[in-house]
Engineer: 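Would you mind keeping the following structure in view while I ask a few things?
Computation of the quantities below employed the complete heavy-atom set of this structure, encompassing side-chain atoms and omitting hydrogens, waters and symmetry-equivalent molecules. Model, not experiment: these values are computed from the prediction.
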Amino acid sequence: MAIPNEFSTMMLQQLPKAQVDELLAAIATEPTVSIRCNPAAKDAMDMGLASLGVKSDGTVPWASHACWLESRPQFTMDPLFHTGAYYVQEASSMFLEQAVRKIGESPMRVLDLCAAPGGKSTHLASLLPEGSLLVSNEIQRGRAQVLAENMVKWGRANCIVTCNTPRQIGDSGLKFDLIAVDAPCSGEGMFRKDVQAVADWSPDNVKMCALRQRRILEDIWPALNQGGYLIYSTCTFNRYEDEDNVKWIVQELGAEPVGLEVPEEWNITGSLTDDSLPVYHFMQHRTRGEGFFLALLRKTSGNSRNMEKAFRPSGQPVPAHCREWLEGEFEFAAVKDSITAYPKELAGMMQQVSLLLYPLVCGVEVAAMKGRDYVPAHSLAMSCALCGESFPRAELTRQQALEYLHCEAIQLTDIPKGIVLLTYMGRPLGFAKNLGNRANNMYPQQWRIRRDVHSVDAQ
């Protein structure tokens, strides 16, 4: 891998030559592999490792339920991965957890602005206090669909996935207590994982990214409550996209940086340009993981707004048996041949967000009309609020599960006819309609495994 000379020159302006040499040497090594388990899945860590057939190579100290792996398995061919039991995420970016814990334990209205493919959003969904609302946004439609899939698999009912520009959200009048901006960047921290990031890098691209990041921050700033928090992050090392932009936020938008407690043994690097600035760099020659930068800031100017809104029931009546498919307190709406459930305490706010923005996912899609009847939706199977007694279950072998995820018809024995919840290692995979001689596959076609699940590699 040929690292651009201009990158080395830029780093020499921020680090001693010996450290630049160490960084370049580290970039030439193999990247690490890490997963973060879903705390809603019982024994998720042990289940995940057993299903993957690999060993843990140590826990990630700055994140809960996370570990490195000794090798990289074929995640796509692991049925447990498709149940949302764990997420494959770069360990450095899990440092987000430390910023969230610094903010406090009260319910929050949270926006993850640049959320695809879903690493930070699934992490936030696991971390936020009970009663919090999470809006995960992605501007690109294709990437937003991937984000929606990952959020549905994570199973939280208090989440919305939207496809909007930062300006649209900033102008919407919505207000958030926390906004996470993992800004599009020049990708220096991903050099050893992504050859294309190296090919695309240039000093001009760095400065273009820095300006684009400022435009994004300006557009979204009105949506942050006064006294609210911004988590600003990139996967770069350079001062233009990192330290200089943090100082610009402080001076031009009105904010104060907030320090985090970081044990020395984590080997996280502070500011490369200003020792008084509490920011955090992950650099491959010092910290295990890929390159990453994070700063936590508190907004000191602007206005606040209460997002509390009353829920307004709409659409046709919801059948009683559909309400029984979820455990907990929910508000239900039947609109356009679909039944959606919202956590009762958040229903009004979620309805408001869905009216002001462009939602792909909002709450839990419980059922869809097929003919004259409502049939359970796949998101119901994935939901942590699914009532386990609502449907008969059928536990699948690994090969059966892969065939189901490939959207093939499957055969079930000694299972009642009708809708059946299919599981793997006790975790829901989705629904099938058992006809007796075979079972119709109800897995979403757009999510199916496209590889040959009957190949030797799948065994």
Engineer: Below 4.5 Å, heavy atoms only, C-beta onward: do N38 and T122 meet side chain to side chain?
Structural biologist: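 Not in contact.
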Engineer: Could you tell me if the side chain of E6 sits less than 4.5 Å from the side chain of W201, heavy atoms only?
Structural biologist: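 Yes, at least one pair of side-chain atoms sits under 4.5 Å.
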Engineer: Testing V198, L24, V206, N238 one by one against F7 for a side chain to side chain contact (heavy atoms under 4.5 Å, CB included), which residue passes?
Structural biologist: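 The option that passes is L24.
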Engineer: Please state whether the rings of F391 and W325 are parallel, tilted or perpendicular, taking 30° and 60° as the class boundaries.
Structural biologist: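 Rings of F391 and W325: tilted, as their planes differ by 30° to 60°.
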Engineer: Assess whether side chain to side chain donor-acceptor pair (under 3.5 Å) is satisfied between N267 and T287, documenting all intermediate values.
Structural biologist: CA-CA 5 Å; N267 293 320; T287 313; 6.0 Å; no
Engineer: With a 6.0 Å cut-off (strictly less than), is the heavy-atom count around CZ of R427, excluding the residue itself, greater than 12?
Structural biologist: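 More than 12 within 6.0 Å, yes.
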Engineer: Would you be so kind as to tabulate the donor-acceptor pairs closer than 3.5 Å made by side chains of residues 249-259, with sequence neighbours excluded?
Structural biologist:
residue: E256; atom: OE2; partner: R298; partner atom: NH1; Å: 3.4

Engineer: If you count every heavy atom of other residues, nucleotides or ligands that lies below 6.0 Å from E265 atom CD, does the total exceed 12?
Structural biologist: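 It does: E265 CD has more than 12 such atoms within range.
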Engineer: Crowded around R167 CZ? As in, over 12 foreign heavy atoms under 6.0 Å?
Structural biologist: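 No, CZ of R167 has 12 or fewer neighbouring heavy atoms, counting only those of other groups under 6.0 Å.
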Engineer: Does the pair K153/E149 count as a salt bridge with the N-to-O cut at 4.0 Å?
Structural biologist: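 Yes, this pair counts.
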Engineer: Is there a donor-acceptor contact under 3.5 Å from the side chain of S51 to the main chain of G48?
Structural biologist: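 No, because the side chain of S51 does not come within donor-acceptor range (under 3.5 Å) of the backbone of G48.
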Engineer: Between the main-chain N or O of R109 and the side-chain N or O of D177, is there a donor-acceptor pair closer than 3.5 Å?
Structural biologist: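 Yes; judged by distance alone, with no hydrogens or angles, the pair exists.
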Engineer: Are the charged groups of D21 and K17 less than 4.0 angstrom apart, N to O?
Structural biologist: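 Between K17 and D21 there is a salt bridge, with a charged N closer than 4.0 Å to a carboxylate O.
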Engineer: Check this for me, if you would: do K120 and D182 make a salt bridge, where the nitrogen-to-carboxylate-oxygen distance has to be below 4.0 angstrom?
Structural biologist: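 Judged by the 4.0 Å cut-off on N to carboxylate O distance, K120 and D182 do form a salt bridge.
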Engineer: Answer yes or no: is there a side-chain heavy-atom contact under 4.5 Å between S304 and K175?
Structural biologist: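 Side chain of S304 against side chain of K175, heavy atoms only: no contact under 4.5 Å found.
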Engineer: For P73, run the side chain to side chain contact (heavy atoms under 4.5 Å, CB included) check against L52, I35, L49 and tell me which one passes.
Structural biologist: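 Of the listed residues L52, I35, L49, the side chain to side chain contact (heavy atoms under 4.5 Å, CB included) partner of P73 is L52.
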Engineer: Count the heavy atoms of every other residue, nucleotide or ligand shown that sit under 6.0 Å from CD of E261, and state whether that count exceeds 12.
Structural biologist: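 Not more than 12 within 6.0 Å, no.
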Engineer: Go through T273 and R239 one step at a time and tell me if the side chain to side chain donor-acceptor pair (under 3.5 Å) criterion holds.
Structural biologist: CA-CA 7 Å; T273 63; R239 65 177 299 166; 4.6 Å; no
